[in-house]
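Following: one structure in structure tokens, then a few remarks.
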Number of protein chains: 2
Amino acid sequence: MAADKREHILATAEKLFGDNGFDGTSVRDIAQHANVNLAMISYYFGSKEKMLEALLEHRANYTILEALNKDESLTPWEKVDRVVDFYVDKIMNNLCIHNIMMQGSNSRSEVIKELVTKIKLRNFEQIKKIIIDGQKKKIFRKVDIELTVGTVMGTISQTTLARNFYAALFNIEKDNEEAYRKKITPKLKSHLKQLLHAHLDINSEE
Amino acid sequence: MAADKREHILATAEKLFGDNGFDGTSVRDIAQHANVNLAMISYYFGSKEKMLEALLEHRANYTILEALNKDESLTPWEKVDRVVDFYVDKIMNNLCIHNIMMQGSNSRSEVIKELVTKIKLRNFEQIKKIIIDGQKKKIFRKVDIELTVGTVMGTISQTTLARNFYAALFNIEKDNEEAYRKKITPKLKSHLKQLLHAHLDINSEE
DNA sequence: TTGAATTAAACAAACGTTTAATTAATTATT
DNA sequence: AATAATTAATTAAACGTTTGTTTAATTCAA
């Protein structure tokens with residue numbers, strides 16, 4: 001079936017783009033690793049760049065954050081903790097697509113750049129809502145919301161983009177992705193939660 | 001003189017690598033923008049990759065952090081603030097080399113990857129010393145030092161790697177690098193200082 | 001039998017690098 | 001100080017690969 005094959009090509013491309021970057025991955029690499037004919041990529045997607053667009057569109061997923069936001073049974077603190085869990089898990093389990101999005105920000109293609117920005121903006125809006133809600137309820141203090149979100153994203157990104165560095169730091173064998181994930185994920189979650197609690201808590205000292 | 005020309009080529013390469021990535025920049029691009037003959041790059045550096053190595057070696061600079069650490073007239077809080085100022089200024093004024101280092105982490109060349117890791121490790125050790133010193137003096141509380149440094153680096157990186165996103169967020173015209181720097185730098189400094197104070201202060205609430 | 005899927009081969013363009021020839025600058029010799 | 005010899009710097013052209021994409025022929029399914 002065609003949809004399966006398309007999906008399989010996208011998954012292969014995701015891995016390779018994530019490991020070697022867009023420019024560092026050739027269409028022949030993808031075709032070979034996916035065991036499809038070279039021409040199939042143009043046939044399915046039109047071009048290499050259109051394939052990246054398709055990949056980004058396909059992986060963008062806002063629904064969970066939006067559902068979280070609508071859940072009125074959760075306190076702002078609980079929501080913050082869940083956002084942390086959600087993002088750490090999401091990025092740690094999708095290292096490739098995350099690397100692609102970070103590299104996509106620097107793409108030469110305006111289409112790609114705008115697509116990545118759009119996805120990020122939409123995710124940002126959801127987190128912003130949570131923080132503002134906490135502030136209205138006099139639980140969170142006044143902070144720079146944009147950069148607070150940047151800190152969460154940046155801290156997680158750091159552990160994936162500079163993986164070599166953190167692997168050296170935590171004495172994890174360099175190419176064992178699974179060991180890295182296992183070790184970093186809980187550390188990252190508790191660090192971010194502690195950080196955000198100290199940062200957002202209205203009762204913190206000045 | 002030869003040294004000037006070599007330097008000029010490196011500066012040109014830095015800008016282009018920073019903007020378009022290593023794979024996204026051709027040797028011909030560099031030669032053209034630097035107004036030198038194509039063959040000069042092989043002549044001076046041996047190869048494109050060796051040129052990137054030369055660029056990283058050339059720009060790595062640890063001395064300021066080491067001096068800061070040895071200054072015993074400063075309190076740990078003052079040192080933290082200065083580290084923030086130092087890094088924000090450094091990265092904001094060297095967007096290109098910073099982008100290169102982030103991309104270099106994902107390079108296919110082991111030489112480059114290890115070089116970047118080495119530079120980062122050396123910087124990390126200096127910041128780690130400051131935090132441990134503050135903990136010994138019962139001013140800072142127990143935190144995950146590795147990830148705390150990751151948060152500082154990550155937050156700053158975020159504003160440079162995802163510049164398009166933050167430009168959209170802060171309503172800065174997309175391609176005005178100077179306006180972006182002017183607007184983000186002070187925001188970033190005060191956000192990080194507030195964040196670190198709340199995070200590190202031993203008197204913060206649990 | 002019609003249209004979609006798949007293939008091997010070819011395309012022109014761009015890539016990093018090397019060559020061989022020429023010019024500029026240094027050094028050595030008279 | 002002038003000239004010859006030597007080294008360094010610079011160039012245009014070409015090298016062989018690899019790049020993304022297209023073509024035209026063939027196989028497969030409806």
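Chain letters run A, B, ... following the sequence lines, proteins first and then strands; every chain starts at 1.
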I'd like a table of donor-acceptor pairs (distance under 3.5 Å, sequence neighbours excluded) in which one partner is a side-chain atom from residues 91-100 of chain B, with atom names and distances.
{"residue": "B:N93", "atom": "ND2", "partner": "B:D89", "partner atom": "O", "Å": "2.9"}
{"residue": "B:N94", "atom": "ND2", "partner": "B:K90", "partner atom": "O", "Å": "2.9"}
{"residue": "B:H98", "atom": "ND1", "partner": "B:T160", "partner atom": "OG1", "Å": "3.3"}
{"residue": "B:H98", "atom": "NE2", "partner": "B:S157", "partner atom": "OG", "Å": "3.2"}
{"residue": "B:N99", "atom": "ND2", "partner": "B:G18", "partner atom": "O", "Å": "3.4"}

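- If you measure from atom CG of B:N35 to atom C1' of D:dT11, you get 14 Å, rounded to the nearest angstrom.
- Between B:N69 and B:E66, the side chains place no donor N or O within less than 3.5 Å of an acceptor N or O (distance only, hydrogens not considered).
- Panel note: side chain B:T151, backbone A:T155; no donor-acceptor pair is recorded below 3.5 Å.
- Put simply, CZ on B:R6 is 15 Å from C1' on D:dA8, counting in whole angstrom units.
- Rounded to a whole Å, the OH atom of A:Y44 is 17 Å from the P atom of D:dT22.
- Sorted by first and then second residue, the ring pair (Phe, Tyr, Trp, His ring centres under 6.0 Å) pairs with a member in residues 167-191 of chain B read A:H199-B:H191; sequence neighbours excluded.
- The CE atom of A:M40 sits 17 Å away from the P atom of D:dG20 (whole-angstrom rounding).
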Atom pairs under 3.5 Å: protein N/O with N/O of nucleotides 8-18 of chain C:
{"residue": "C:dA8", "atom": "OP2", "partner": "A:N37", "partner atom": "ND2", "Å": "3.3"}
{"residue": "C:dG16", "atom": "OP1", "partner": "B:K48", "partner atom": "NZ", "Å": "2.7"}
{"residue": "C:dG16", "atom": "OP2", "partner": "B:V27", "partner atom": "N", "Å": "2.8"}
{"residue": "C:dG16", "atom": "N7", "partner": "B:R28", "partner atom": "NH1", "Å": "2.7"}
{"residue": "C:dG16", "atom": "O6", "partner": "B:R28", "partner atom": "NH2", "Å": "2.7"}
{"residue": "C:dT17", "atom": "OP2", "partner": "B:K48", "partner atom": "N", "Å": "2.9"}

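- Distance B:Q32 CD to D:dT10 P: 18 Å, rounded to the nearest Å.
- Taking atom CZ on A:R108 and atom P on D:dT19, their separation rounds to 15 Å, with Å as the unit.
- Summarising the geometry, the separation between NZ on B:K5 and C1' on C:dA25 is reported as 13 Å, rounded to the nearest angstrom.
- Ring geometry for B:W77 versus B:H197: interplanar angle under 30°, hence parallel rather than tilted (30 to 60°).
- In this structure a side-chain-to-backbone donor-acceptor pair under 3.5 Å is present from B:H33 to B:D29.
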